[in-house]
Each structure stands twice: as C-alpha cells, then as structure tokens.
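Throughout, numbering of the chain's residues begins at 1 and tracks the sequence. Quick note: numbers below take in every heavy atom, side chains included, and nothing from hydrogens, waters or symmetry partners.
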Amino acid sequence: MNTAPFLIDEYGDWFFKGSKITRNSMVKLFSTILVRDNDNTFHLRTPVENVLVTVKDAPYLITEMHVTRQNQLAYINFKTNLDINFIVSNKNPLWVEKKINSNDLIPYALVKKGLIAKISRPVYYELAELLDIKNIKNVLHKGVYSGKEFYILDKPSSRDFFLK
C-alpha cells in the first residue's frame, strides 16, 4: 500500500492526499526541495522535514524546446512544466527508453541530479525535425546533436546509467 502523501502523475501533475495541487507557485516551491535517493525513492526534503513522494514516471515534463546557435553549433534548450531551463549536454543528457508492453521509445532528459523529465509529445515532434544519422562502430544511428555531442534516439538506454 502506498502511504506517500504526495504523488506526481505521468503528466507531471502534483497531488496531495489525492487532490490535485492547482497553484503552480506551490508546485514550483515543492519542486525546489524534491530529491531522489539512491534507493530510487523521491522525497521533499528540508533540514527538518522528509516527506515521501510517489513519482509515476518522471517528476518533470519538457514542455518547450528551442535551438540556439553558437560558433556554428546548434544547442537544444529545454524548458520544463515548472519553468526549469537547461541545455542538452553531458551534464543534462537526452536518451530514450522502451515503453513497457510496447515498442514505443519515450525520450527523457536529466534535469538535475537524479531528477529527470519526460519529453512531451509536441516537443518530441519538434525534436524529430532535428534527427540526424551518425555512424557509431559501423552502425548507423538516428539521433540529434546538441553542441558537439550526439544523442542516440533509436536505441533504448537505461536511465540509471545517466543518474549515477
């Protein structure tokens, strides 16, 4: 039985004891103290509080994307549902995971230590427009570049690889 008072559903919506938190400012405040522990549990943690949070998929949702250019390189910039902005990089990698009971590949990005974001469908389509092909060890892969880094989007990876 789940006893966590907080829940973040697969759409990035936050709930407290079954009721949706509709004040975005409250959700943003809570998100600033959200942490993921080594045992893959999520908590709202302060020096005096430690509250368990159930996360159905990912604690954040990528809702916006734009590309910036610098020194002839393109950089993918993401914005989450909680207004966190970051550039896809080694610090904030992008990968895909295979959906359970399906062959669908779902893209994710690391937002900050241990916390990931699922890419929304509209952003996924924008990302697909940037697809490129790269030969890696004699295998052609589809993916995208952000800066000089290439992120494979046609082969599933484990999120655990990126969270350590």
Side-chain angles (χ1 to χ4, degrees), residues 1-70 74-100 102 104-130 144 146-147 149 151 153 156-164:
M1 183 174 161
N2 183 359
T3 58
F6 284 91
L7 164 76
I8 304 172
D9 72 8
E10 59 273 15
Y11 306 105
D13 293 325
W14 286 57
F15 294 82
F16 179 69
K17 295 185 177 179
S19 296
K20 185 175 180 179
I21 302 172
T22 56
R23 288 184 54 206
N24 203 35
S25 60
M26 287 296 293
V27 173
K28 284 182 181 182
L29 178 63
F30 287 138
S31 75
T32 64
I33 58 170
L34 181 67
V35 296
R36 176 181 164 265
D37 285 346
N38 290 335
D39 64 356
N40 290 324
T41 59
F42 294 86
H43 302 261
L44 296 179
R45 187 170 293 137
T46 70
V48 294
E49 293 287 332
N50 185 13
V51 180
L52 188 63
V53 177
T54 299
V55 177
K56 290 284 187 182
D57 188 359
Y60 300 106
L61 185 67
I62 303 288
T63 56
E64 293 180 32
M65 179 188 105
H66 68 277
V67 177
T68 56
R69 300 198 182 277
Q70 183 178 351
Y75 292 87
I76 298 170
N77 298 264
F78 285 144
K79 183 176 181 179
T80 72
N81 56 323
L82 299 176
D83 297 328
I84 299 170
N85 296 289
F86 63 94
I87 296 172
V88 175
S89 65
N90 285 335
K91 180 181 171 189
N92 301 98
L94 170 66
W95 71 94
V96 293
E97 295 179 20
K98 188 174 179 193
K99 191 172 181 179
I100 297 172
S102 169
D104 292 343
L105 295 176
I106 308 299
Y108 294 88
L110 181 61
V111 177
K112 55 186 173 181
K113 186 178 185 218
L115 301 175
I116 67 170
K118 180 168 59 174
I119 295 175
S120 67
R121 188 174 300 271
V123 173
Y124 176 78
Y125 290 129
E126 287 182 64
L127 197 58
E129 292 177 15
L130 301 177
V144 294
S146 185
E149 297 298 320
Y151 297 92
L153 298 180
S157 298
S158 167
R159 73 176 64 176
D160 293 333
F161 174 77
F162 298 106
L163 299 178
K164 293 184 179 182

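- With contacts defined as side-chain heavy-atom distances shorter than 4.5 Å, the pair I8/K56 does not qualify.
- Smallest separation of non-hydrogen atoms from A74 and R69: CB-NH1, 3.1 Å.
- Here K91 contributes atom NZ and K113 contributes atom NZ; the two are 12.5 Å apart, rounded to the nearest 0.5 Å.
- Y108 is listed as a side-chain neighbour of D57, based on a closest heavy-atom distance under 4.5 Å.
- The only member of L110, I76, T80, N77 that meets side-chain contact (heavy atoms from CB on, under 4.5 Å) when paired with F86 is T80.
- The NZ atom of K28 sits 9.5 Å away from the CD1 atom of I84 when rounded to the nearest 0.5 Å.
- At a threshold of 4.5 Å between non-hydrogen side-chain atoms, the residues E49 and L44 do not count as touching.
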V27/L82 under side chain to side chain contact (heavy atoms under 4.5 Å, CB included): CA gap, chis, key distance, verdict: CA-CA 8 Å; V27 173; L82 299 176; 3.4 Å; yes
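- I33 is not listed as a side-chain neighbour of R45, based on a closest heavy-atom distance of 4.5 Å or more.
- Between A58 and V55, the shortest heavy-atom distance links the atoms C-CG1, 3.6 Å.
- With hydrogens and angles disregarded, a donor-acceptor distance shorter than 3.5 Å links the side chain of K118 to the backbone of E10.
- Using a 4.5 Å heavy-atom threshold, the side chains of L115 and F42 count as touching.
- Closest heavy-atom contact between Y11 and L61: O-CD2, 3.6 Å.
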Intermediate values then yes/no, side chain to side chain contact (heavy atoms under 4.5 Å, CB included), M65 and L130: CA-CA 11 Å; M65 179 188 105; L130 301 177; 3.7 Å; yes
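- For Y151 (side chain) and S89 (main-chain N/O), a donor-acceptor pair under 3.5 Å exists by modelled atom type.
- Within the 4.5 Å cutoff, side-chain heavy atoms of I116 are placed close to those of W95.
- With values rounded to the nearest 0.5 angstrom, N85 atom CG is found 7.5 Å from H66 atom NE2.
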Anything under 3.5 Å between a donor and an acceptor, one on a side chain of residues 13-21, the other on a protein residue two or more places apart or in another chain? List them.
none

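- Side-chain N or O atoms of D39 include one that pairs as donor or acceptor with a backbone N or O of T41 at under 3.5 Å.
- Put simply, the side chain of V53 does not reach to within 4.5 Å of the side chain of F30, judged on heavy atoms.
- A heavy-atom distance below 4.5 Å is found between the side chains of L127 and L94.
- Atom CG of N38 has 12 or fewer neighbouring heavy atoms from other residues, nucleotides or ligands inside a 6.0 Å radius.
- Within a 6.0 Å radius of OH in Y75, other residues, nucleotides and ligands contribute more than 12 heavy atoms.
- Closest non-hydrogen pair, A4 versus L52, comes out as CB-O, 3.5 Å.
- With sequence neighbours excluded, no residue satisfies salt bridge (Lys or Arg N to Asp or Glu O under 4.0 Å) with K99.
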Pair V51-H43, side chain to side chain contact (heavy atoms under 4.5 Å, CB included): steps then yes or no: CA-CA 5 Å; V51 180; H43 302 261; over 6 Å; no
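- Here the shortest heavy-atom pairing between Y124 and I119 reads N-CG2, 3.6 Å.
- Taking CG of D104 as the reference point, atom CD of E97 lies at 13.0 Å (rounded to 0.5 Å).
- Scanning both residues, N92 and I87, for their nearest heavy atoms gives CB-O, 3.5 Å.
- Side-chain atoms of D9 come within 3.5 Å of backbone N or O of G12 as a donor-acceptor pair.
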